Amino acid sequence: MKLRIGIHGLTSCYGCQLRMASVRELLEVAENFEIAYWYMVSSKGEISHVDIAFVEGSVSTAKDEEELKKIRENADVLVAVGSCAIYGGVQGMLFGKEYEEIFKEVYGDNKIEFEGRIGEPLKKYVKVDYNLPGCPPEEEEIIYYLATFAIGSYPEEKDYPVCTECRRKGYPCVLIEKNEPCLGPLTVAGCDARCPGYNVACIGCRGPLPHGIAWFDSLAKTFKEKGMSKEYIKARMEIFGKQYEKMDEMIEKVFEDED
Amino acid sequence: MKIEREIKNDHLARIEGKAGVVVEIGDEIRARINVTEGPRFFEILTKEKNYEEAAAICPRICSFCSIPHKLTPLEAIENALDVEVTEQTKLLRQMLYFGNMVESHALHLYLFAIPDYLGYHDALSMAKEYPDLMKNGMDLKNFGAMVQNIIGSREIHPENAVVGGFGKLPEQHEIEKIKKMAYNVIDAAVATVEFFLDYEYPSYVNLERNHLAIKPHNGYGVYGDEIVASDGFYFSVDKYKEYIEEDIAPYSFAKRGKYKGEPFMVGALSRIVNNHNLLEGKAKELLNSHSEFVKAENSFSNNFCQALEIVYFIEKIAEMAENIKIRKEERVKPDKKDGKGYAVTEAPRGLLIYEVEIENDIIKYMNVITPTAMFLPMMEIDARNMAEGMWKNGYKDIDLIGKKVEMVIRAYDPCISCSVHVIRL
Amino acid sequence: MRYVKIKDEKVYEFLEGLKNYGKLYAPVKISDKFYDRKEIDDVKKIAFDYIRTIMPAKKFFIPPKEEMFEIDIENGEYKEKLEEVEPFVLFGMHPCEIVALRILDGIYMDEYADIYYTRRRKAGIIIGLSCLPDEYCFCNLRRTDFVDIGFDLFFHELPDGYLIRVGSPNGHKIIDENLDLFAEVNQQDIDAFREFEEKRQRMFRCYGSFDNIRYLLELTMQDKLWDEESEKCFGCGNCTNTCPTCRCYDVQDIPNIDGKTGKRIRFWDSCQFRSHGLVAGGHNFRPTKKDRFLNRYICKNSYFYPLGTSYCVGCGNCTYFCPANIDFLGNLLKVRSTAEEVKNA
Amino acid sequence: MHNVYALYKCRVLRIYDLTDDVKLFLFRFENPSIAESWTFVPGQFVQLSIPGVGEVPISICSSPMKRGFFELCIKKAGRVTSKIFDLKPGDSVGVRGPYGNGFPVKDFEENDLLLIAAGIGMAPLRSVFMYALDNRWKFGNITVINSARYGKRLLFQKELEAMRDVAEAENIRIIQTVTRDPDWPGRIGRAQEHIKYANTRPDKSYVCVCGPPQIYNDVFNKLIEHGYDPKKIYVTLERRMKCGVGKCGHCIAGSSTFLKYICIDGPVFGYYDIISTPGLI
Ligand SMILES: Cc1cc2nc3c(=O)[nH]c(=O)nc-3n(C[C@H](O)[C@H](O)[C@H](O)COP(=O)(O)OP(=O)(O)OC[C@H]3O[C@@H](n4cnc5c(N)ncnc54)[C@H](O)[C@@H]3O)c2cc1C
Ligand code: SF4
Ligand code: SF4
Ligand code: SF4
């Protein structure tokens, strides 16, 4: 029996769905699964019971929330796909600010009939069974997740950082060599350290490591020793890590003595 | 107004992002496009960030055009900081950009638009009966993706393009690979153009309109400093606020562009209308023999023009790959720390404008105007005209009208995520 | 032992000739500061003065990621996947890495010999190269600064060439087949060799006895030093990945999208990762970062009995490649072994 | 050269539910020559693979006297074990082994035998027990203490209960106790509290213990209090394992002066190994 899957997008750049739609094995995916719902790709179907729902995007409007809850009610398993769904994404950076103020800054005194909010991860609203990280996720991982479900199992999530893939690939370390603010040490692996491989410091697009093992404090300390300012470190780490519990606190701790 | 019938679709399928459409039929006919995608406030996200980080955030505005949303802010930043990148960087960036054009157009045509033409819900079911057609689409998409993977590090959110150049230059053998593949897929591109020759455009959406496109630096390119309108007027990008204004509608998180107070169009059709004489090679031949398919007043021609562009850009990539000899060079580091800069490029869906102000390496102000925000009002008019035309000509099947209205919208290839990145003027 | 000499002007010819014995790999510069072993096209690119490579030589024998089996899920079968192993030559191996390989041999070619490792090991020719230490090296403390076995040939730098020690039948064969490239070793060479060795010995960061470190370490596991040092750690695994003797690997079954076939792969793992000590039911034998941090110190300083050395060969990689700047030897010295640090070394 | 990671195909013959999350599986080797030659020592384990899902170490819980067949008692714990739970008779799996040192059963001969199990710990000890039953004349008195939190979690509870009376006549004592189950009609309390009821003579006994690591110290203290010889106390440990043959490094444990692989140096360790090695339990 083919598994029924649904693929959904809340507020995002649609990159995760696009990545799913552009996997090389797309036609095999269509063959091996019953795609019950995928608005970006198909005008057929509506939210109905599925074995597995994949959801990208952050909850950024009242409508998103409503839709997400409906998806959850209709899915046996829910997978949060991508940095927006897992940590709120780049728009999640505004976390902690007042929505009304930001709205005003952008829309002035105009009124819009939909209710917007600051982007938040799915787990704030519903139970998430698995995370498929990435911004966007890698083709290999998308296939791995789907395939493990297809054989009646489930994926093993990575809990080690980009650094280790960087080393497995033999790339020169940009943090040691060029003192560039690489976030590889606290970012969940899976991209085969793409950016360090291009001599670009990782900006942590896959999001911080799960299980409380993203050591923002240790890394901030090293950055500080390399002469970076607190504002700079914070600004960089928050791009994908703002909604990681204790990120702010961990960075503050490193700069405590100074303030 | 008493509403007799209403077409309402909360969530349009097969477009990028989340929007709905409402058509009300009564004494008069009204249409509006509800952009329900949540706001993401990119101007605020990038504020107070180092420019390098800002340039990494911008692509996240939209995955379909993440390359334009990387390369355009880079150019604006470089303009602000007086960075003059090398010729090689310019060439590679152009190639990267063209790769994105091919992929984006291929995805849009094959995944979103063509199923409409053939009467399918989606490309996946279409693929069963039209496997060869679908293979063309996948080949084109894969080719575009390959170019972006090689030069940009990946096809979505390319991190290799950085201020002053590239983190790592592609290897010569990778360029060779691009060249080889380009020649392999050109037939698929031509077949795409030919696909559209079997279809006529609905005349209901015929309407005189202004087309805005870039005045390219060289050839039928994507980089330039000036914007030309089909009314003959042109202006340089730093004056954009004088001619392009935006307003807000209560049913949309996206702002809506006007040129001299009027709705206008941007995108593949606008580029061909304004710059067709710059086309070369096979694309030019195809255009010459099928010029009746380019109708400035009909937005359906946009799909045909996208297909033409695929041919053009693949040939161009092949030509560039033929000539380029990768030289080792370092990225150019800016001497300045402050400045104000503008950039405009032609994203797959049309003009994309970035404005930045930098103080001590930190972004103090950033403004982005995306193509979808520009053409939204025009798209709404076309959607309305489609519904009205059909209704007045005796079509009473609301579902059918709804489908056709969706087709109009899809012809534009709107990018809703882009449109709600949210702009501040 | 058999000794021969090669003069500088013949070295490149010799290296070029090595390609007849297999693919030639040697250290090359890959960025401003780092070296790695790569396949050599142009022998002039070989870096003779490198000290350490970012990937230890273990990568040639246990690749960072490899496929072990093809899986036929439908029929419940695992088919072993053994790719063709071609002969290859590793030129420029320093003593510590040669010992490290022998430690890996002990692990991988014991009673339960690992076929993947063994096949590659048998296909590899090892050519050593003498080196001068930097402030990260402490092979002298580990007694791995000089090797008697474990190589086919070993090159010792001389002012005008290299003194070569021949360490295996394969080594003899290579010398014999290229006899015209070599000369006899004369008194001058012997003096130069001695001088080099003396100079080298004077350059180390510390001297003294280090074997007792394992007792001292065990006795000081409660010290707050370990709290402080582990706090700096990113838990990123760079230390274990760059360590020539760390060899933990993880295994995963990866099904294909058809759900009918798949592959079993293995890839480098690290004891610095949370899941390394995790067992079903959520119990973790090394639940905190400090536990994991200390685990490496314990493991590396324990004895590898078959060779009578510690698992750590004193190469200094883990310190040099630590992005958090944690000094492995420095910390060991802090728990006070009797070895003494020489300032201004 | 033989590939140590290569798997022998085995078929599931029978499945018994032991508790709501533990099942007993009876396997048979497909290949007759392996079925004939394959043997093991109680306390050893196999690596069991579910194709496409993964591999896990599982102790063998039957007696080695039964050639060609073996039993595994498996608790549903995660990815692989959940898939094992979906197996049906006739399905095939991959098995390799046996691995580990096992209990020194030869040394046990002519002594009394005290087996103390908590929770899933009964799995490896059942193998020792079955072996002792198959070779009854070689051993002295035998006591099995089987403990769990709740009655319904006691492994092999029925099997053991059924043989209780006959067993007493054979100088085999079976003690089943639970810690948290008010409805349980039998004994209450932790395993170590029942050592005093054993029929084994402390000065003539070998002791085997298996359970969660937290219980070991208490059990040891009680045993020593009762006069059991620390030299003759054995435990079996568990760790994450990916190879079972001393390669993958996951099961390395201990301290810098005593570093051990649980898979090849263990999983069975003596009492003195344990107390002289921080980190082993
Ligand atoms: C020597 C030995 C004997 C064992 N005997 C039995 C037995 O008789 N019956 C029984 O039910 N269980 C036994 N276990 C425990 C059993 O191996 C784990 O329950 C099992 O590995 C869990 O795997 P999983 O994939 O279901 O769980 P997950 O938690 O999803 O595990 C994922 C991976 O982690 C590893 N892993 C997780 N937990 C353990 C663990 N406890 N031990 C080793 N590796 C682990 C495995 O490699 C597994 O593939 C034994 C363990 C060891 C080491
Ligand atoms: S470059 Fe970044 S990811 Fe790579 S090892 Fe260094 S810190 Fe880690
Ligand atoms: S290296 Fe970092 S920024 Fe680059 S793709 Fe990986 S996680 Fe994202
Ligand atoms: S522990 Fe450090 S110094 Fe010792 S062998 Fe490993 S990497 Fe080298």
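No experiment lies behind these values; they were computed from the predicted model shown.
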## Note on the structure
When every non-hydrogen atom of C:M55 is compared with those of A:R167, the smallest separation belongs to SD-O, 2.7 Å
### Option in C:D36, C:D32, C:T242 with maximal non-hydrogen atom pairs under 4.5 Å from chain A
C:D32
### Summary
Bottom line for C:R37: the part with an atom under 4.5 Å from chain A's heavy atoms is neither
### Message
With a 3.5 Å distance limit and no angle check, can you tell me whether A:E177 reaches the backbone of C:K33 through a side-chain donor-acceptor pair?
### Response
yes
### Query
Atom CD1 of A:I176 and atom CG of C:N325: how far apart are they, to the nearest 0.5 Å?
7.5 Å
### Query
So how far is it from A:T222 OG1 to C:I326 CD1, rounded to the nearest 0.5 Å?
7.5 Å
### Query
Which answer fits C:S275, side chain, backbone, both or neither, if we ask what part of it has an atom under 4.5 Å from a heavy atom of chain A?
both
### Side-chain ion pair, C:K65 and A:E165, N-O less than 4.0 Å
no
#### Entry: Verdict with supporting geometry, C:K289 and A:S218, side-chain hydrogen bond (donor to acceptor under 3.5 Å, both in side chains)
CA-CA 12 Å; C:K289 184 164 66 165; A:S218 317; 3.1 Å; yes
### Query
In terms of the angle between their ring planes, are C:F267 and A:Y160 parallel, tilted or perpendicular, with boundaries placed at 30° and 60°?
tilted
### Message
Looking at every heavy atom in both C:W268 and A:R168, which two are closest together, and how far apart are they?
### Response
O-NH2, 2.9 Å
### Task
Return yes if a side-chain donor-acceptor contact under 3.5 Å exists between C:N241 and A:T164, otherwise no.
yes
### Task
Sort C:Y35 into side chain, backbone, both or neither according to what part of it lies under 4.5 angstrom from a heavy atom of chain A.
neither
### Query
With only heavy atoms counted, which part of C:I54 is less than 4.5 Å from chain A, the side chain, the backbone, both or neither?
both
